[in-house]
Amino acid sequence: MHEPEGELDELLLVRRSKLRELREKGIEPYGGRYERTHSALEIHTGFTDLEGKEVSIAGRLMAKRGHGKAAFGDLQDFSGRIQIHLRQDEVGPDTYQFFKKLDIGDILGVRGTVFRTKTGEITVGVKALTLLAKSLRPLPEKWHGLKDVELRLRQRYLDLIVNPEVKETFVLRSKVVRALRRFLDDRGFLEVETPMMQPVAGGAAARPFTTYHNALDLMLYLRIAPELYLKRLLVGGFEKVYEINRNFRNEGISTKHNPEFTMLEIYQAYADYTDMMVLTEELVSTAAQEVLGTLEVGYGDTVINLRPPWPRLSFLETVRQRTGIDFSQLDAREAREAAHRMEVEVEQNALWGEAVNAIFEEAVEPALVQPTFVLDYPVDISPLAKRKADDPRLTYRFELFIAGREIANAFSELNDPLDQRERFLKQLDKQQAGDEEAHMFDEDFVTALEYGMPPAGGLGIGVDRLVMLLANVSSIREVILFPLHRPRE
RNA sequence: GAGCCACUAGCUCAGUCCGGCAGAGCACCUGACUUUUAAUCAGGGUGUCGCAGGUUCGAAUCCUGCGUGGCUCACCA
């Protein structure tokens, strides 16, 4: 035993002594396979057919109410809760005493007859009880549940046991992901898996995690994005691909950021960013309709209407409307000065696009509550997007904002290898100027482009943030089962 | 990284302003109770008051430092 019993809390000692008593009586407290015929929910919904019939159920004992020679309990399985009822004159004194000794938290198998009590509660009248797992620790309080955020994360299993809405959120997450996959599969997109460990961490501006492969004596990065590998697949002849998987970014933790998060990236050859806009509208609205059954989504105090089409605003135009400044008429220095006058912080040597973007994020983003596409981002902040034909300072790139938050990012992919090389070189300049988040130069990717990549539209959707929206929660922690936290001690 | 706030029983929380025996509910233990459902009734408090110092006759309470977490801001796709 790991810990000397002398140091255990009395509550824990009591349960361990019950465990010993059970073993002394020849009862194994940790059972094996148990044949179930129904879930708690199935008994509730199928009561009219099941009344008077025998069922087998299993779950965790969540409440006990003794009444002398009869007793009630609540059994909780994944589907919900069902009441059980025992009478000593029906199960006999041994089983009845056995039940009285059970603890809240124990996992039981129950065989019995479905009936309705005189107060109307659908109940299983117990004929036989099987202990499947003895619980040695008390559960959190039955009425208030587990509230302490730190404990909820450190012991998510307790959170899931006692806070039903938490379980609901993660079921919803699973349904959202399933809806996304089904939508894409139905349209002929192929799900692929590209490296999590990459010699060059490309596809985004972020600080990567590093790791090391012994046999190859090789430093590797955990990927910050799958983008450059998915585009290699376009070069290789895959025409419609997607990947739903984790990205890792070595950055701060907040209500909107977790170091590992889930990204959906989609690439479609011979398409462009206008196709990606339609795809985004259909993807998000289909997922919402399938999972929630509605396109009107309550989020905080507001109702978000996801019915397409969504407004498309030009990046520079939204900035002009909010600030009265037409940045297309300014150069980089003037743009930085404008930012400075608005008390928006920008780097001393910020590029034109970086300065405008700083203002955009400050003045425009939070106001984009209903779904809105913002189009044509500056090339300075879009090193992988195709340059606009009619304005070389801009790219065919859009972002989707909902509830003031970026949900999707997409572009007509840059497939000009020479332009791509120059963009990487610019990023290299930034890196040398001390920007730890500048894109890395990926020579092999440029080589791939040199063989020819078909024109393509690419789309990235932050799955966690999409789930946050549909689940109406304000923290990314509420949609990640085990978010990163500092371990104890 | 900065500011504010929190940390007291297994859980949810009072008590801290204004220093004076460590509290409640749930859970748990003992007993009663054959249709309850936050069951009820009678009895029982189970504790490193986050940690370490300091002030004081006396600190959960005041002061300092630290730790962990939350929120906001900053940073960041």
Side-chain angles (χ1 to χ4, degrees), chain A residues 7-15 17-18 62-75 81-91 96 100-101 103-105 115-123 125 135-155 158-159 161-163 203-207 224-225 227 247 249-259 261 263 344-345 347 357-358 361-362 365 377 381-384 397 399 401 405-409 435-439 460-462 464-465 474-475 477 483 485-489:
Chain A
E7 291 176 13
L8 290 181
D9 187 273
E10 189 194 327
L11 292 172
L12 275 55
L13 286 174
V14 166
R15 294 205 178 194
S17 76
K18 286 181 179 177
M62 295 302 287
K64 272 172 81 185
R65 298 177 289 279
H67 290 266
K69 294 185 177 60
F72 292 91
D74 294 336
L75 211 63
R81 284 192 189 193
I82 183 84
Q83 178 168 268
I84 61 174
H85 179 240
L86 281 86
R87 295 169 54 122
Q88 181 169 298
D89 56 13
E90 284 182 5
V91 298
Y96 191 73
K100 279 183 83 171
K101 284 273 183 181
D103 285 301
I104 290 172
F115 74 107
R116 197 193 280 275
T117 65
K118 69 182 184 191
T119 54
E121 183 78 15
I122 291 167
T123 303
S135 170
L136 296 181
R137 290 175 180 271
L139 288 175
E141 212 249 5
K142 66 178 175 185
W143 192 240
H144 298 93
L146 186 63
K147 292 204 165 148
D148 185 299
V149 177
E150 185 178 354
L151 282 180
R152 286 184 49 223
L153 300 185
R154 287 188 189 282
Q155 297 183 281
L158 291 182
D159 195 22
I161 291 169
V162 302
N163 295 328
R207 290 170 64 172
I224 56 176
E227 173 154 357
N247 287 347
R249 298 186 184 176
N250 204 340
E251 287 165 357
I253 296 173
S254 78
T255 50
K256 295 171 196 65
H257 301 86
N258 193 60
F261 62 99
M263 185 72 116
V344 173
E345 263 185 61
E347 302 268 334
N357 190 50
E361 288 181 355
E362 179 87 11
E365 263 190 36
Y377 277 68
I381 57 167
S382 313
L384 303 169
R397 172 187 178 185
E399 293 197 344
F401 292 90
R405 241 177 253 148
E406 179 205 339
I407 299 289
N409 177 26
D435 184 349
E436 293 186 78
E437 280 140 16
H439 285 243
I461 293 182
D464 309 277
R465 290 180 181 185
S474 58
S475 168
R477 279 189 317 245
H485 57 79
R486 197 182 295 279
R488 270 269 167 260
E489 289 169 323

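Note that the coordinates shown come from a computational prediction; the quantities given were computed from them, not determined experimentally. Proteins get letters first, then strands, A, B, ... in listed order; numbering begins at 1 in each.
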Please pick, from [options], the nucleotide with the shortest atom-to-atom distance to any side-chain atom of [X].
| X | options | result |
| --- | --- | --- |
| A/Ala70 | B/rG70, B/rC13, B/rU34 | B/rU34 |
| A/Gln83 | B/rG69, B/rA39, B/rU37 | B/rU37 |
| A/Lys18 | B/rC28, B/rU36, B/rU34 | B/rC28 |
| A/Leu11 | B/rC71, B/rG69, B/rC28 | B/rC28 |
| A/Glu121 | B/rU37, B/rA27, B/rC76 | B/rU37 |
| A/Lys142 | B/rC11, B/rC26, B/rG69 | B/rC26 |
| A/Glu251 | B/rC76, B/rG70, B/rC29 | B/rC76 |

Counting distance alone, no hydrogens or angles: does the base of B/rU35 have a donor or acceptor under 3.5 Å from a partner atom on the side chain of A/Thr119?
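No, the side chain and the base share no sub-3.5 Å donor-acceptor pair.
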Between the base of B/rC76 and the side chain of A/His257, is there a donor-acceptor distance below 3.5 Å?
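It does, because a donor-acceptor pair links the side chain of A/His257 to the base of B/rC76 below 3.5 Å.
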Using the side chain to side chain donor-acceptor pair (under 3.5 Å) rule, take A/Gln155 and A/Asp159 through it: C-alpha gap first, then chi angles, then the decisive distance, then the call.
CA-CA 7 Å; A/Gln155 297 183 281; A/Asp159 195 22; over 6 Å; no
With heavy atoms under 4.0 Å as the rule, sort A/Arg116 into base, sugar-phosphate or nothing.
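No contact.
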When we call it a touch if two heavy atoms are under 4.0 Å apart, what does A/Asp148 touch: a base, just sugar-phosphate, or nothing?
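It contacts sugar-phosphate atoms only.
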Sidechain-backbone polar pair: A/Arg15 side chain, A/Ser135 backbone, donor-acceptor under 3.5 Å
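Yes; at least one donor-acceptor contact below 3.5 Å.
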If I pick the C1' atom on B/rU8 and the same atom on B/rU12, what distance separates them, to the nearest angstrom?
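One C1' to the other, the span is 12 Å.
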OP1 or OP2 of B/rA27 under 4.0 Å from side-chain N/O of A/Arg15:
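So the side chain of A/Arg15 is outside the cut-off, no N or O lying under 4.0 Å from OP1 or OP2 of B/rA27.
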